[in-house]
Undergrad: 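Encoded as structure tokens, here's the structure I'll be asking about.
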Amino acid sequence: MSALTPQSDMPTPTTDKITQAAMETIYLCKFRVSMDGEWLCLRELDDISLTPDHEPNPEDPNYLMANERMNLMNMAKLSIKGLIESALNLGRTLDSDYAPLQQFFVVMEHCLKHGLKAKKTFLGQNKSFWGPLELVEKLVPEAAEITASVKDLPGLRTPVGRGRAWLRLALMQKKLSEYMKALINRKDLMSEFYEPNALMMEEEGAIISGLLVGLNVIDANFCMKGEDLDSQVGVIDFSMYLKEGPIAKSSEEDVQITAILDQKNYVEELNRQLSATVNNLQTKVDALEKSNTKLTEELAVANNRIITMQEEMERMKDDSTLFSKGNKHDRTADGQTLSEVRKHLKEETQLRQDIEKELEVQIGMRQEMEMAMKMLDKDVCEKQDALAALRQQLDDLRALKHELSFKLQSSDLAVKQKTELNSRLEEKTNQMAATIKQLEQSEKDLVKQAKTLSSTAGKFLQKQH
């Protein structure tokens, strides 16, 4: 994949320059978005070598985590810089519908999620950045107010939604940088939630907390009642940081379309994998339903056996009463039979209790599976929305390409017409120059004839005198 920046005839950069440029690279899907001056450029992952001596192992977790930290820090720089510049140019209080502000919260969410330790549950691995944010009120007393406000907000059902609300309230309070700095300085507490090489545990987190100080110059006001923070799609819109090149260079639009197509293919593949996961969960739910039905039948059979044994025990008691005056040997035999019946009844009762417990476990597993399916359906809907947004961007780029092509054709036609007009003017100029030369020659001939006639007239006059 070629870069989105305008192509030039400059020589190939040296390895040192390439290594330095790779330090500011943002990886996306199977390609990366790198900052070239004030541009974002998409390049293939294998197009250059990052070090002159040896090639790093792309499967090394430390190498991947270091690249992700650098990418997130660069995106945070772009987002914060763009937000401050646009807010100052706008000159008013920002609200939740302001696009650069929305992108800033998406970038901050990705930064806080980087390197989070996953909590394993029956539904899978669960990662939430709400846990670290709850610690802020223990480190900074002023944060207790917004933490309590987030917990009291109606409509927030997930930790992700509470974390998003907390970020918005902290920005309104103009203390987001202070809170982030307090968290980063307590790595002993953060280690409970983050991996050792996470962004919040490394120097990139301290840099981002320093950049957040600049946001204190802007004013923001959010109304979070009725806003669905639980199901928002956290997708970074790179088009906000891409600059348009000259109109005549339509090849850049082709590269942008290719980049959008790559993103669309990635989202479609992710959607396909989610669909396969939903199908597997549906299969497990069907199996659990069959097992539940079987356990229910076994429970009904056990209940019938218990009732039968109780009736048999009552009958044995009646028989024992009738024959209580019989011989001692018969009473002893009846007592042994009654003991065996009671023992058998106790075993059946224990079996019934075990079956009931297993049935409760199966019902709980089924409910968890249903919840997992709902969450996956919600995730699929979010991915479909992101895919629709990417398709819309692709359509916009195609329309822009068509418009640029039309302008280019119109410009070529105008240049052609001007060239033809210039040719005709040059031809007329040449004709006029030739005519002028002929007139000058005729003038010279007339002057000669006039001189000849004048001399002839003089001679004629002399002869008459």
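Just so we're clear, the structure is a prediction, and the values are computed from it rather than from any experiment. Values below: all heavy atoms of this structure, side chains included; hydrogens, waters and symmetry mates excluded.
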Undergrad: Looking at every non-hydrogen atom in both residues, tell me the closest pair between L94 and A87 and how far apart they are.
TA: CD1-CB, 3.8 Å
Undergrad: So do R69 and N197 actually touch side chain to side chain, heavy atoms under 4.5 Å?
TA: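 A side-chain contact exists here, since the closest heavy-atom pair is under 4.5 Å.
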Undergrad: Under 3.5 Å, is there a donor-acceptor pair between the side chain of S209 and the main chain of S177?
TA: no
Undergrad: Work out which heavy atom in A198 is nearest to a heavy atom in H114; give both atom names and the distance.
TA: CB-O, 3.4 Å
Undergrad: Think R164 forms a cation-pi with F105, using NZ or CZ under 6.0 Å from the six-ring centre and within 45 degrees of its axis?
TA: no
Undergrad: If we ignore hydrogens and angles and just use 3.5 Å, is the side chain of R168 paired with the main-chain N or O of A220 as donor and acceptor?
TA: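 No; zero donor-acceptor contacts below 3.5 Å.
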Undergrad: Donor-acceptor pair, T296 side chain versus N292 backbone, under 3.5 Å?
TA: yes
Undergrad: Quick check: are there more than 12 heavy atoms from other residues, nucleotides or ligands sitting under 6.0 Å from NZ of K181?
TA: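 No - once you tally the heavy atoms of other residues, nucleotides and ligands closer than 6.0 Å, there are 12 at most.
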Undergrad: Do you know which of M369, E370, E368, Q362 makes side-chain contact (heavy atoms from CB on, under 4.5 Å) with R366?
TA: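 With R366 as partner, side-chain contact (heavy atoms from CB on, under 4.5 Å) holds for just one option, E370.
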Undergrad: Verify whether one side chain among E85 and N89 offers a donor that lies under 3.5 Å from an acceptor in the other.
TA: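 No - no donor-acceptor pair under 3.5 Å links their side chains.
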Undergrad: Is it the case that more than 12 heavy atoms not belonging to E145 sit under 6.0 Å from its CD atom?
TA: no
Undergrad: Nearest 0.5 Å, please: how far is CD in Q384 from CG in D379?
TA: 10.5 Å
Undergrad: Go through the steps to decide whether E347 and L351 satisfy the test side chain to side chain contact (heavy atoms under 4.5 Å, CB included), and finish with yes or no.
TA: CA-CA 6 Å; E347 292 176 355; L351 178 61; over 6 Å; no
Undergrad: Between the side chain of K187 and the main-chain N/O of P196, is any donor-acceptor distance below 3.5 Å?
TA: no
Undergrad: Using side-chain heavy atoms (C-beta onward) and a distance below 4.5 Å, is L345 in contact with I306?
TA: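 SC-SC contact between L345 and I306 confirmed.
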Undergrad: Can you check side chain to side chain contact (heavy atoms under 4.5 Å, CB included) on N221 and D95, steps first, answer last?
TA: CA-CA 5 Å; N221 186 18; D95 54 19; 6.0 Å; no
Undergrad: Calculate, to the nearest 0.5 Å, the distance between atoms CE and SG belonging to M180 and C111 respectively.
TA: 10.0 Å
Undergrad: Strictly distance-based, threshold 3.5 Å: is any side-chain N or O of N74 a donor or acceptor partner for the main-chain N or O of M70?
TA: yes
Undergrad: Which pair of heavy atoms, one from M309 and one from H344, lies closest together, and at what distance?
TA: CE-CD2, 3.0 Å
Undergrad: Within a radius of less than 6.0 Å around NZ of K138, do more than 12 heavy atoms belonging to other residues, nucleotides or ligands occur?
TA: no
Undergrad: Measuring only between side-chain heavy atoms, which start at C-beta, is E134 closer than 4.5 Å to K151?
TA: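 SC-SC contact between E134 and K151 confirmed.
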Undergrad: If you compare all heavy atoms of L183 against all heavy atoms of P132, which two are closest, and at what distance to 0.1 Å?
TA: CD2-O, 3.4 Å
Undergrad: To the nearest 0.5 Å, what is the distance between NZ on K175 and CG on N216?
TA: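 Taking NZ in K175 and CG in N216, the distance rounds to 10.0 Å.
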Undergrad: So with a 6.0 Å cut-off around NZ of K294, is the heavy-atom count from everything else above 12?
TA: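 For K294, atom NZ is not crowded (no more than 12 foreign heavy atoms under 6.0 Å).
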Undergrad: Looking at every heavy atom in both F104 and I80, which two are closest together, and how far apart are they?
TA: CE1-CG1, 3.8 Å
Undergrad: Find out whether Y194 and L112 are in side-chain contact, i.e. whether some heavy atom of one side chain is under 4.5 Å from a heavy atom of the other.
TA: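 Heavy-atom side-chain distance check passes, below 4.5 Å.
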Undergrad: Answer yes or no: is there an ion pair linking R352 with E356, defined by an N-O contact shorter than 4.0 Å?
TA: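 Salt bridge present between R352 and E356.
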Undergrad: Tell me whether K174 at atom NZ has more than 12 heavy atoms from other residues, nucleotides or ligands lying less than 6.0 Å away.
TA: yes
Undergrad: Do E340 and K343 have side-chain heavy atoms sitting under 4.5 Å apart?
TA: no
Undergrad: Please report the C-alpha distance between M73 and E203 in whole Å, then the side-chain angles of each, then the deciding distance to 0.1 Å, and finally whether the side chain to side chain contact (heavy atoms under 4.5 Å, CB included) criterion is met.
TA: CA-CA 10 Å; M73 185 184 70; E203 61 180 0; over 6 Å; no
Undergrad: Ignoring hydrogens, what is the shortest heavy-atom contact between A170 and Y179? Give both atom names and the distance.
TA: CB-CD1, 3.9 Å
Undergrad: Between atom CE of M200 and atom CG of L72, what is the distance when rounded to the nearest 0.5 Å?
TA: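 That separation rounds to 11.5 Å.
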Undergrad: Give, for atom CD of E192 and atom CZ of R186, the distance between the pair rounded to the nearest 0.5 Å.
TA: 12.0 Å
Undergrad: Does T147 use its side chain to pair, donor to acceptor, with the backbone of A143 at less than 3.5 Å?
TA: yes
Undergrad: For a 4.5 angstrom cut-off between non-hydrogen side-chain atoms, does F222 reach L101?
TA: yes
Undergrad: Which value, rounded to the nearest 0.5 Å, describes the distance between L78 atom CG and L83 atom CG?
TA: 12.5 Å
Undergrad: May I ask you to test the L139-L189 pair for a side-chain heavy-atom distance under 4.5 Å?
TA: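 With C-beta onward as the side chain, the pair touches.
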Undergrad: For L153 and L229, what are the C-alpha separation, side-chain angles and deciding distance, and is it a side chain to side chain contact (heavy atoms under 4.5 Å, CB included)?
TA: CA-CA 11 Å; L153 278 175; L229 297 176; 5.8 Å; no
Undergrad: Counting only N and O atoms by type, is there a donor-acceptor contact under 3.5 Å from the side chain of E195 to the main-chain atoms of K117?
TA: no
